[in-house]
Amino acid sequence: MTELSSTTAIWGAWRALAHDQSKTPEGFAKRLQACLERDIVWIDHADIYDNGAVESLHGEAMIELTPSDRKRLKLITKCGVRFVCPEQDGVRVGHYRSDALFIRQQVEGSLARLRTEQVDLLLLHRPDYLMQAEETARALEDLVASGKVKAFGVSNFSIHQFARLQSATTAPLAAHQVEFSPLMSTALDDGTLDLSHTAPHPLLAWSPLGGGRLFDASDIQAGRVREALARTGERLGETDLATLCLAWVSHTAPHVIPVVGTMSMDRLCAQLDGLARIRMDHQDWYDILEAGRGAPVP
């Protein structure tokens with residue numbers, strides 16, 4: 001998706017209800033406005049985030065925005081994960097689903113909660129090992145044809161799982177969301193990054209700060225990465241390690257886009273401003289990579 005590839009970052013809303021600053025429609029709307037002021041228009045959701053309550057919060061926040069701001073927002077949501085919940089809906093075993101009925105059901109629910117008629121990007125949240133690729137592809141294509149989904153892609157797929165679904169549809173998979181940071185860099189070697197070049201699609205990097213591990217004082221790997229980030233920061237005149245880590249993710253390739261998950265207004269603004277400003281060179285990037293892996297490159 002050209003629109004997605006041109007963005008600097010995506011704001012991930014999954015922890016919104018866990019923070020006082022973002023758990024109300026008014027607070028959530030302020031974070032959306034902060035993103036829009038920095039041309040960050042893509043907002044990342046999933047139907048499982050607080051069992052749909054984060055999507056509902058987004059929908060309620062829409063009344064706080066001007067019509068022009070509402071129109072600028074681009075929405076990502078995901079479906080396919082089923083948590084154990086025998087009391088409510090009979091789910092006795094955690095599993096993944098990619099059948100047509102389930103996908104349609106979940107998209108309808110997301111649209112209602114988000115108070116929108118179309119999701120800009122729908123991702124299959126996890127690979128369903130029992131996926132019938134042709135059925136899944138038809139369901140996704142039907143959602144696009146109906147106008148309820150603008151484009152679709154995947155999340156956390158292997159390159160082979162990605163290729164299997166892609167072979168069942170003529171529509172190019174529009175994006176792949178994967179975990180990627182200096183603390184989790186397997187996408188560089190398992191073919192994920194290479195595939196995104198040869199079958200062009202953006203890589204959306206979730207947990208670009210290692211899911212919070214970056215600031216865990218007891219984590220030896222994170223300690224090495226912090227030291228490398230500090231070295232780069234000293235050279236570039238940047239002291240915020242989180243912003244430097246996000247810049248490392250962005251420097252990997254133009255189409256690798258970090259999903260920024262902070263709910264603090266101050267941190268969100270500082271990180272987005274820093275991403276627009278920081279420019280690493282090759283040696284900075286490799287210094288941080290080697291710190292994350294604990295060994296020099298071969």
Side-chain angles (χ1 to χ4, degrees), residues 7-46 48-66 69-70 72-78 114 177 179-184 204-219 222-223 225-226 229-230 232-233 236-251 256-278 288:
T7 194
T8 304
I10 294 164
W11 186 53
W14 73 278
R15 291 181 294 187
L17 287 170
H19 293 259
D20 290 340
Q21 292 185 359
S22 56
K23 69 181 183 181
T24 65
E26 296 80 10
F28 193 91
K30 287 180 180 178
R31 276 134 197 83
L32 295 175
Q33 288 167 333
C35 290
L36 290 171
E37 287 168 4
R38 288 156 179 81
D39 292 323
I40 306 301
V41 301
W42 288 89
I43 311 301
D44 184 69
H45 286 282
I48 60 170
Y49 294 166
D50 277 290
N51 197 30
V54 177
E55 290 182 328
S56 294
L57 176 63
H58 181 114
E60 294 165 7
M62 289 301 93
I63 63 173
E64 304 292 329
L65 301 180
T66 65
D69 280 348
R70 289 198 295 268
R72 287 179 63 200
L73 288 173
K74 304 291 184 182
L75 302 182
I76 302 169
T77 197
K78 299 179 283 294
L114 292 165
Q177 188 168 122
E179 183 176 5
F180 184 63
S181 75
L183 300 168
M184 174 58 74
L204 317 184
W206 64 268
S207 284
L209 305 183
R213 284 180 55 209
L214 181 65
F215 300 105
D216 184 348
S218 66
D219 191 310
V225 172
R226 288 195 299 272
L229 291 169
T232 294
L236 298 178
E238 175 60 56
T239 60
D240 188 77
L241 298 185
T243 302
L244 286 159
C245 192
L246 294 171
W248 181 89
V249 171
S250 296
H251 186 83
V256 177
I257 306 167
V259 180
V260 179
T262 181
M263 295 298 136
S264 163
M265 181 73 83
D266 291 341
R267 285 200 299 272
L268 177 62
C269 292
Q271 289 172 4
L272 295 179
D273 290 343
L275 274 173
R277 181 181 67 252
I278 295 172
I288 296 164

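What you see is a predicted model, and the numbers here were worked out from it, not measured in a lab.
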Visitor: Taking all non-hydrogen atoms of both residues, which atom of Ala34 and which atom of Leu268 are closest, and how far apart?
Guide: CB-CD2, 4.3 Å
Visitor: Once you round to the nearest 0.5 Å, how far does CG of Asp273 lie from CD1 of Ile278?
Guide: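 With rounding to 0.5 Å, CG (Asp273) is 10.5 Å from CD1 (Ile278).
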Visitor: Could you tell me whether Lys30 atom NZ has more than 12 heavy atoms of other residues or ligands within 6.0 Å of it?
Guide: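 Count not over threshold, so no.
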Visitor: Sequence neighbours excluded, which residues qualify as salt bridge (charged side-chain N to carboxylate O under 4.0 Å, His left out) partners of Arg72?
Guide: Asp39
Visitor: Mind checking what makes side-chain hydrogen bond (donor to acceptor under 3.5 Å, both in side chains) contact with Asp266, not counting sequence neighbours?
Guide: none
Visitor: If you take all heavy atoms of Leu57 and Ala16, which pair is closest and at what distance?
Guide: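 Nearest heavy atoms, Leu57 then Ala16: CD2-CB, 4.0 Å.
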Visitor: Specify the closest pair of heavy atoms between Leu65 and Ala29, including all atoms of both residues, with the distance to one decimal.
Guide: CD2-O, 3.8 Å
Visitor: So do the side chains of Pro208 and Cys245 get within less than 4.5 Å of each other, counting heavy atoms only?
Guide: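 SC-SC contact between Pro208 and Cys245 ruled out.
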Visitor: Out of curiosity, Cys269 SG to Glu37 CD, how far, rounded to the nearest 0.5 Å?
Guide: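 Between atom SG of Cys269 and atom CD of Glu37 there are 7.0 Å.
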Visitor: For Arg38 and Thr8, what are the C-alpha separation, side-chain angles and deciding distance, and is it a side chain to side chain contact (heavy atoms under 4.5 Å, CB included)?
Guide: CA-CA 9 Å; Arg38 288 156 179 81; Thr8 304; over 6 Å; no
Visitor: Would you name the heavy atoms of Leu241 and Leu214 that are closest together and state the gap between them?
Guide: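 Minimum heavy-atom separation between Leu241 and Leu214: O-CD2, 4.2 Å.
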Visitor: Go through the structure and list residues passing side-chain hydrogen bond (donor to acceptor under 3.5 Å, both in side chains) with Glu64, not counting sequence neighbours.
Guide: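 Residues passing side-chain hydrogen bond (donor to acceptor under 3.5 Å, both in side chains) with Glu64: none at all.
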Visitor: Restricting to ring pair (Phe, Tyr, Trp, His ring centres under 6.0 Å), what partner residues turn up for His45, sequence neighbours left out?
Guide: His58
Visitor: Checking side chain to side chain contact (heavy atoms under 4.5 Å, CB included) for the pair Lys23/Met263: CA distance, chi angles, key distance, verdict?
Guide: CA-CA 9 Å; Lys23 69 181 183 181; Met263 295 298 136; over 6 Å; no
Visitor: Nearest 0.5 Å, please: how far is CD1 in Ile288 from CG in Leu183?
Guide: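 Here the interatomic distance stands at 11.0 Å.
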Visitor: Specify the closest pair of heavy atoms between Thr24 and Gly27, including all atoms of both residues, with the distance to one decimal.
Guide: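 Where Thr24 meets Gly27 most closely, the heavy atoms are OG1-N, 3.0 Å.
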Visitor: For the residue pair Glu55 and Thr77, confirm or rule out a side-chain donor-acceptor distance under 3.5 Å.
Guide: yes
Visitor: List for me each residue that meets ring pair (Phe, Tyr, Trp, His ring centres under 6.0 Å) alongside Phe180, sequence neighbours excluded, and say none if there are none.
Guide: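 Once residues adjacent in sequence are excluded, the partners of Phe180 under the ring pair (Phe, Tyr, Trp, His ring centres under 6.0 Å) criterion are Trp248.
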Visitor: When you look at Val260 and Ile10, which way does the side chain to side chain contact (heavy atoms under 4.5 Å, CB included) test go after all the steps?
Guide: CA-CA 6 Å; Val260 179; Ile10 294 164; over 6 Å; no
Visitor: Side chains of Thr262 and Leu209: does their closest heavy-atom pair fall under 4.5 Å?
Guide: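 Side-chain contact under 4.5 Å: no.
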Visitor: Taking only residues two or more places apart in sequence or in another chain, which ones pass side-chain hydrogen bond (donor to acceptor under 3.5 Å, both in side chains) with Asp50?
Guide: none
Visitor: Under 4.5 Å between any side-chain heavy atoms of Ser181 and Val225, yes or no?
Guide: no
Visitor: Where is the tightest heavy-atom contact between Ile43 and Ala13, given as atom of each residue plus distance?
Guide: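 Distance-wise, the nearest heavy atoms are CG2-CB, 4.4 Å.
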Visitor: For Leu32 and Trp11, what are the C-alpha separation, side-chain angles and deciding distance, and is it a side chain to side chain contact (heavy atoms under 4.5 Å, CB included)?
Guide: CA-CA 8 Å; Leu32 295 175; Trp11 186 53; 3.9 Å; yes
Visitor: Got a donor-acceptor contact below 3.5 angstrom from the Thr7 side chain to the Ala9 backbone?
Guide: yes
Visitor: If I take atom OG1 from residue Thr243 and atom CZ from residue Arg277, how far apart are they, to the nearest 0.5 angstrom?
Guide: 7.5 Å
Visitor: How long is the gap from CG on Leu246 to NE2 on His251, to the nearest 0.5 Å?
Guide: 14.5 Å
Visitor: As an exercise, state the distance from OG of Ser218 to CZ of Arg213, rounded to the nearest 0.5 Å.
Guide: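 It comes to 9.5 Å.
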